[in-house]
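In listed order, ligands and their atoms are each counted from 1. Residue indices begin at 1 and follow the sequence shown.
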Amino acid sequence: MVETDVLKDKTAMVTGGGRGIGLCIAHRFLRAGANVVIAEADATLREPALARLNAAGRAVFAACDVGCETAVAETVALAIKHFGKIDAVIHNAAIADNRPIEELSYEGWRRVLDTNLSAGFLLAKHAAAYLRKTAGAMVLIASTRALMSEPNTEAYSASKAGLVGLTHALAMSLSPVRINCISPGWIVTDSWRHDGQTTTLSQQDHAQHPVGRVGRPEDIADMVLYLCSDKASFITGQNIIIDGGMTKKMIYS
Ligand code: NDP
């Protein structure tokens, strides 16, 4: 099958698709023939994101806070209104609040959990009926921080570990809809931003990875595409780690 036909006439929702890994996923899906609804909190990303995607009527931008149930329900309805069905839901939006725990408010903790974890529940809840109709797929973007930590990452790490559990629970509840998650390692997203940010990477940044380089958004987007395609029809409930081997590396000094 040629690459452009892998998701022909499918419809995908991508949260946080205005920039970064989410925008790269949206681009990849459009190239594979899908229609894409971007659910993005930052409405100012509408023009630059749609310009970058250059997909005529096949990409729709919805200003949507994924931590808000009404907004998620409205975005699902928008996808149905535009494209008539939903074949794939990719929950990629996330935030972090890396304050020391003594300074992290309960409200701040909940904001991270709402955006990163509860949104996965809301998307599954509101898209379930449509995903069942198409025997579709859902991919949740977690993180290797679900498995390992630096100090002051409690809310982010807990939210991402929660997504891993949510993934296998949903895989049982929504079967035969397939639900998987991906845990990226360090991914430099400069090439999919709109602000000209350039990250200076040292030789050591690359060399510390067993594969010899830092990750790229395409490393994640390609796996999302595969997991949402028929080629992955025997894979569900899994957490796929894409980190250049870093979580397999012994680091005792
Ligand atoms: P970015 O921060 O570059 O992009 C995330 C996007 O999500 C932003 O456009 C952001 O909008 C949007 N967003 C934030 N909150 C909401 C919300 N409530 N509703 C809708 N959209 C929202 O992230 P990356 O591209 O770097 O990462 C994408 C995913 O990959 C995330 O889940 C992240 O945790 C995960 N990941 C990334 C790694 C990396 O090294 N880059 C490593 C491991 C995991 P706004 O501009 O308003 O913030």
Side-chain angles (χ1 to χ4, degrees), residues 13-28 37-50 52-53 61-76 78 89-98 108 110-123 138-150 153 155-164 166-167 181-197 199 201 205 209 213-221 223-224 239-244 246-247:
M13 286 179 59
V14 183
T15 72
R19 64 177 158 95
I21 294 170
L23 181 59
C24 181
I25 293 169
H27 186 260
R28 199 76 187 76
V37 176
I38 290 173
E40 166 63 57
D42 184 351
T44 67
L45 297 178
R46 180 189 301 268
E47 297 309 323
L50 291 178
R52 178 78 191 264
L53 294 174
F61 187 103
C64 167
D65 172 359
V66 294
C68 167
E69 182 162 16
T70 310
V72 169
E74 285 172 0
T75 305
V76 168
L78 185 84
V89 175
I90 297 98
H91 176 40
N92 160 85
I95 55 171
D97 189 335
N98 296 338
R110 280 199 299 217
R111 207 166 55 85
V112 175
L113 270 287
D114 282 353
T115 303
N116 300 5
L117 175 58
S118 301
F121 156 73
L122 293 174
L123 287 156
M138 185 165 182
V139 177
L140 304 164
I141 305 297
S143 169
T144 50
R145 287 174 188 262
L147 310 168
M148 58 201 303
S149 286
E150 291 178 300
T153 58
Y156 185 82
S157 292
S159 70
K160 295 300 190 178
L163 285 177
V164 177
L166 180 64
T167 295
C181 68
I182 293 174
S183 286
W186 182 12
I187 309 293
V188 172
T189 62
D190 296 355
S191 56
W192 291 94
R193 299 174 63 95
H194 316 286
D195 57 5
Q197 174 179 290
T199 306
L201 296 170
D205 291 332
H209 289 77
R213 68 167 173 85
V214 169
R216 305 172 188 128
E218 290 78 3
D219 296 323
I220 308 307
M223 179 57 74
V224 177
N239 175 28
I240 314 288
I241 298 170
I242 303 178
D243 69 345
M246 287 300 278
T247 48

Indicate the atoms forming the closest heavy-atom contact of [X] with [Y], along with that distance.
X: Thr189; Y: Gly20; result: CB-CA, 4.0 Å
X: Trp186; Y: His209; result: CE3-CE1, 3.9 Å
X: Gly67; Y: Ala119; result: N-CB, 4.5 Å
X: His194; Y: Gly18; result: NE2-O, 2.7 Å
X: Ile187; Y: Pro217; result: CG2-N, 3.4 Å
X: Ile220; Y: Pro184; result: CD1-CB, 3.6 Å

Ignoring hydrogens, just give me the one of [options] whose non-hydrogen atom is nearest [atom].
atom: atom 44 (C) of ligand 1; options: Ala146, Ala94, Cys24, Ala142; answer: Ala142
atom: atom 42 (C) of ligand 1; options: Gly185, Gly16, Ala62; answer: Gly185
atom: atom 37 (C) of ligand 1; options: Ile21, Ile25, Val66; answer: Ile21

Distance to 0.1 Å, residue and atom name: give those for the protein heavy atom nearest to [atom].
atom: atom 13 (N) of ligand 1; answer: Ala93 CB, 3.9 Å
atom: atom 46 (O) of ligand 1; answer: Arg19 NH2, 2.8 Å
atom: atom 11 (O) of ligand 1; answer: Glu40 OE2, 2.8 Å
atom: atom 47 (O) of ligand 1; answer: Asp42 CB, 3.4 Å
atom: atom 30 (O) of ligand 1; answer: Ile141 CG2, 3.4 Å
atom: atom 40 (O) of ligand 1; answer: Ile187 N, 2.9 Å
atom: atom 16 (C) of ligand 1; answer: Ala41 CB, 3.6 Å
atom: atom 31 (C) of ligand 1; answer: Asn92 O, 3.0 Å

- Query: Would you call Arg145 and Glu150 a salt bridge, taking side-chain N to carboxylate O under 4.0 Å as the test?
  - Reply: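 Result for this pair is yes, salt bridge flagged.
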
- Item | Check: Asn92 side chain, Ile141 main-chain N or O, donor-acceptor pair, under 3.5 Å |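 No.
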
- Query: Does Asn116 offer a backbone N or O that forms a donor-acceptor pair with the side chain of His91 under 3.5 Å?
  - Reply: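 Checking the backbone N and O of Asn116 against the side chain of His91, a donor-acceptor pair under 3.5 Å is found.
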
Min side-chain heavy-atom separation [X]-[Y] under 4.5 Å:
X: Asn239; Y: Thr167; answer: no
X: Ile21; Y: Trp192; answer: no
X: Ile38; Y: Leu53; answer: yes
X: Arg19; Y: Asp195; answer: no

For [X], atoms of ligand 1 separated by under 4.0 Å from a heavy atom:
X: Cys64; result: 19 (N), 20 (C)
X: Ser143; result: 43 (C), 44 (C)
X: Leu45; result: 9 (O)
X: Ile95; result: 14 (C), 15 (N)
X: Thr115; result: 15 (N), 16 (C), 17 (C), 18 (N)
X: Trp186; result: 40 (O)

Measure the distances from the heavy atoms of [X] to every atom of ligand 1 and state whether one is below 4.0 angstrom.
X: Thr15; value: no
X: Tyr156; value: yes
X: Lys160; value: yes

- Nitrogen or oxygen atoms of Asp65 and ligand 1 under 3.5 Å apart: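 Yes, since at least one N or O of Asp65 sits under 3.5 Å from an N or O of ligand 1.
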
- Task: Using distance alone, decide if ligand 1 has a nitrogen or oxygen within less than 3.5 Å of any nitrogen or oxygen in Gly20.
- Result: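 In fact, backbone or side chain, Gly20 has no N or O that close.
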
- For the salt bridge (charged side-chain N to carboxylate O under 4.0 Å, His left out) test, which of Asp219, Asp243, Asp205 pairs with Arg213?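 Among Asp219, Asp243, Asp205, the one that satisfies the salt bridge (charged side-chain N to carboxylate O under 4.0 Å, His left out) with Arg213 is Asp219.
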
- Task: Measure Ile220 to ligand 1 on non-hydrogen atoms and call it side chain, backbone, both or neither using the 4.0 Å cut-off.
- Result: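 The answer is neither; Ile220 stays 4.0 Å or more away.
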
- Query: Looking at atom 23 (O) of ligand 1, is any protein heavy atom nearer than 4.0 Å to it?
  - Reply: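 No, there is none.
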
